Amino acid sequence: MSGPRPLVEVRDLKMHFPILGGILRRQVGAVKAVDGVSFDIQPGETLGVVGESGCGKSTVGRAVLRLYEATAGSVIIDGEDIAAMPAEKLRRKRPTMQMVFQDPQASLNPRMTVAGIIGEPLDEHTDWPRAKKLERIYELMDAVGLNRDFANRYPHAFSGGQRQRIGIARALALNPKFIVCDEPIAALDVSIQAQVVNLLERLQDEFGLTYLFISHDLSMVRHIADRVAVMYLGKIVEMAPVGVLYDAPRHPYTEALLSAVPEPDPSLEARKDRIVLKGDVPSPANPPKGCNFCTRCPRVMEICRDIDPETVQIAPGHVVACHLVTQHQTTGATGGTEAEHPKHQQGEVL
Amino acid sequence: MHDGAVPVLDVRNLKTVFSTRSGEVHAVNSVSFDLRPGELLGVVGESGSGKSVTMMSLLGLLPSPPAEIRGGEVWLGDTDLLTLGEDGLRKVRGREVGFVFQDPMTSLNPVFTVGFQLTEPLRTHLGMSKTRARERAVELLELVGIPDARRRLGDYPHQFSGGMRQRVMIAIALACDPKVLIADEPTTALDVTIQAQILELVKELRQKLGMAIIWITHDLGVIAGIADRVMVMYGGQVAEHGPVRELFANPAHPYTRALLQTMPKIHGARDAKLRVIEGQPPVMGRHPESCPFMARCAHAFDRCARENPTRRDIGAGHDVACHWDHRTGEPVQDLAEVAS
Ligand SMILES: Nc1ncnc2c1ncn2[C@@H]1O[C@H](COP(=O)(O)OP(=O)(O)OP(=O)(O)O)[C@@H](O)[C@H]1O
Ligand SMILES: Nc1ncnc2c1ncn2[C@@H]1O[C@H](COP(=O)(O)OP(=O)(O)OP(=O)(O)O)[C@@H](O)[C@H]1O
Ligand SMILES: [Mg+2]
Ligand SMILES: [Mg+2]
């Protein structure tokens, strides 16, 4: 793709956690939490990341910000390779990339005041005088809609939504360009979620922020994201602009995931032909042979249990890793041998 | 309440109060509802609205102090559970009323095998022999779709995935063939794909076993998919109640209406900006004379501060506790009261 250079470029990122065993605590295996993930994010864009618990969403977010040392791959943010950056240079780069965490309760130090929490990054990365710091703290509190009078209160005196605002204010303190939001609304009540999402969107418009928005709430991701990556067992199985992904998904996992979302409309629910996946997600320490999704895929074919599908681009900005799609493409190109394996389309259901 | 069938469970004016250092919390404030044979009643409401405390009150599961049941009746058949002592209640729990709770304290015990936890109620409540109880336990695990059930009886809870543990909990709740199953957010912690499995299971079990179910959730989508009737709770009270289609088609309470609008949709047009319900949940019992939703309500007027609304019938089995008339957009004129 042409156009401006992406702010974030991730190539073949891998994060394998060692499994230690035996008396010598030697490495006996690896949890392939992230296993070859590539994506770009344009400046000012929001890339949503969805997928079931344990599929590697948080690990991607952390590895991209180099809160983990990745096993392999490159992460280029604003033209600089984060993964290979020496420690001191990384420290200076830190302010431009921040993270907002899921649990507002756990991520705030209970013994620090709100002003202390929001100002902590300023203490660490600037030598501003006190008055200037305080001015900035007030500015940030205004930006996220916290009353300035609360500056000297402690986190326990706030509701979940307010605590999440404190976390967001802190993330904004040093004028970052890129923020990883890891389930920023999951711990909040439905009536409060919309407040926080609207805030994130307003701040994005105001400050030109770029987001990696991790969530298992598919409806909320549809609302906030420009493009969406669907992860399964450490890999991106499909990535597309939000409209395409929700209206015309191509990967059977994306289809199943979307079909599982209950809709607040009884007449739709009654008509819905839901795809219910059997079984659980396999362990990332022991992924199946072939395609990672082959043990649960309702449309599994013989080849799927054998060969891991390539990720192919089927339209500008739309990539899929599935043999159904690859087969379709190649058969289309060679003049159609589609009739050869018609039975396999049905597959067997586990 | 409305149609002919004799309810299996009939709760009237239940009141539960917690005494805390900062005063009384009116967690359940005159809640009434009934449950008819074979139906599924969905209960929704935001965090802290009193859903769990309501159900724990009627099963006598709240420690007192700090909890005190200050009034009401809970009819299960012709017994008022609130008049039973702990011994009587113990016979009801797990036997006539099965429950699956969100509270990990009342969920699976990590130190006992799943087989033990399944056979224990069968032996104590139904006096089954060890071998009969084991056979029934295998049946139950198969019923909730656990493969290789016989072998898995010897496994401990941690050897099961989250979705499977929830199936086991449902199996335990069903062990003694209860008349009523109370499920408190049994799928909230699960992935949507696993939630879909559990919801399918519940639909199937209802057809097979025909028990009446109370299903608590904060997800209106889940309610839309499985409930026959819905009760919306706010601030320890019933804000609105009605048949599922009627309530979703004609939501009458400003809270329900706002809630339906704050949720982004998975299909259809994308909203530029999400609607929000401004403000914070209420402190329960601080202003008992006012409507608990008043401070966040777009339609509140002076009467809402003076008088906590009671439920009024608006037809089609639908009632709402609100002084504002969603049909006219004006304050309610006449004072038709719902007999609940
Ligand atoms: N520090 C670690 N050491 C070993 N394994 C880890 C570590 N962190 C994560 N994992 C494993 O890596 C996999 C991916 O975890 P991750 O937290 O990224 O998932 P996730 O998609 O964010 O899930 P959730 O939706 O539950 O937050 C999981 O199997 C997890 O157990
Ligand atoms: N032991 C207690 N002491 C004081 N207040 C309590 C106690 N237990 C519950 N409450 C209060 O009772 C109210 C109702 O709580 P309940 O657990 O029923 O809410 P809920 O609707 O089930 O919420 P959630 O969706 O978060 O589970 C809350 O305001 C809660 O703070
Ligand atoms: Mg995570
Ligand atoms: Mg609860």
Side-chain angles (χ1 to χ4, degrees), chain A residues 50-55 145 158-162 187-199 201-202 216-225 232 242-243 246-247 253 256-270 272 274-281 283 296 350, chain B residues 44-49 145 147 160-164 187 189-197 199-201 217-227 230 243-249 255 258-268 270-281 296:
Chain A
V50 298
E52 285 165 283
S53 183
C55 70
F158 292 90
S159 70
Q162 288 174 321
L188 305 177
D189 198 77
V190 189
S191 72
I192 309 293
Q193 286 182 352
Q195 295 178 6
V196 172
V197 166
N198 282 352
L199 170 66
E201 288 183 311
R202 180 167 63 73
H216 60 257
D217 183 337
L218 289 137
S219 311
M220 200 55 95
V221 168
R222 175 170 185 259
H223 172 79
I224 198 171
Y232 189 81
V242 69
Y246 283 77
D247 294 340
Y253 179 62
L257 203 57
L258 291 174
S259 126
V261 177
E263 287 182 83
D265 181 342
S267 48
L268 279 182
E269 278 291 313
K272 197 161 179 174
R274 183 161 277 135
I275 309 167
V276 179
L277 292 178
K278 303 278 159 61
D280 297 308
V281 187
S283 156
R296 294 169 85 202
L350 279 188
Chain B
V44 276
E46 69 186 348
S47 187
S49 59
F160 291 80
S161 69
M164 281 166 104
T187 58
L190 304 175
D191 277 308
V192 280
T193 56
I194 309 296
Q195 169 171 288
Q197 292 177 359
L199 296 179
E200 287 302 311
L201 170 68
T217 174
H218 60 258
D219 188 338
L220 286 167
V222 170
I223 293 284
I226 61 168
V230 190
V244 67
R245 283 179 184 243
E246 158 65 20
L247 190 136
F248 277 82
Y255 171 66
L259 198 60
L260 282 166
Q261 285 174 346
T262 59
M263 295 173 63
K265 308 276 178 297
I266 195 99
H267 290 118
R270 278 213 293 169
D271 311 308
K273 195 161 175 273
L274 291 178
R275 292 276 308 257
V276 301
I277 303 178
E278 296 294 347
Q280 300 295 331
R296 303 171 80 185

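Protein chains get the first letters and strands the later ones, always in sequence-line order, with residue 1 at the start of each. Only a predicted model underlies this, so the values are computations on that prediction, with no experimental measurement involved.
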With respect to chain A, which residue among [options] yields the maximal number of heavy-atom pairs within a distance under 4.5 Å?
| options | value |
| --- | --- |
| B:Lys273, B:Met263, B:His267, B:Glu278 | B:His267 |
| B:Gly145, B:Gly225, B:Pro147 | B:Gly225 |
| B:Ile223, B:Val222, B:Leu259, B:Asp219 | B:Val222 |
| B:Gln195, B:His218, B:Arg245, B:Met164 | B:Arg245 |

Residue part contacting chain B, namely of [X], when any heavy atom lies under 4.5 Å:
| X | answer |
| --- | --- |
| A:Asn198 | side chain |
| A:Val281 | neither |
| A:Glu263 | both |
| A:Arg222 | both |

**Item:** Closest non-hydrogen atom pair between A:Gln195 and B:Ile277, with its separation
**Value:** NE2-O, 2.9 Å
**Smallest separation among heavy atoms of A:Ala260 and B:Ala196, with atom names** = CB-CB, 4.0 Å
**Request:** Under 4.5 Å heavy-atom distance to chain A, tell me which part of B:Arg296 shows up: side chain, backbone, both or neither.
**Result:** side chain
**Request:** Apply the test side-chain contact (heavy atoms from CB on, under 4.5 Å) to residues B:Arg270 and A:Val242: give CA-CA distance (whole Å), side-chain angles for both, the deciding distance (0.1 Å), then the verdict.
**Result:** CA-CA 10 Å; B:Arg270 278 213 293 169; A:Val242 69; 3.4 Å; yes
**Message:** Do B:Ile226 and A:Glu269 have side chains that approach each other closer than 4.5 Å (heavy atoms only, starting at C-beta)?
**Reply:** no
**Request:** With sequence neighbours excluded, tell me which residues meet side chain to side chain donor-acceptor pair (under 3.5 Å) with B:Glu200.
**Result:** none
**Message:** Among A:Leu277, A:Val50, A:Leu258, A:Leu218, exactly one meets side chain to side chain contact (heavy atoms under 4.5 Å, CB included) together with B:Val192. Which residue is that?
**Reply:** A:Leu218
**Prompt:** When you measure from the side chain of B:Asp191 to the backbone N and O of A:Glu52, does any donor-acceptor pair fall under 3.5 Å?
**Reply:** no
**Request:** With side-chain contact (heavy atoms from CB on, under 4.5 Å) as the test, would you mind laying out the steps for B:Thr262 and A:Gln193 before giving the verdict?
**Result:** CA-CA 9 Å; B:Thr262 59; A:Gln193 286 182 352; over 6 Å; no
**Asked** With sequence neighbours excluded, what pairs up with A:Ser219 under the side-chain contact (heavy atoms from CB on, under 4.5 Å) test?
**Response** A:Asp217, A:Val261, B:Pro264, B:Ile266
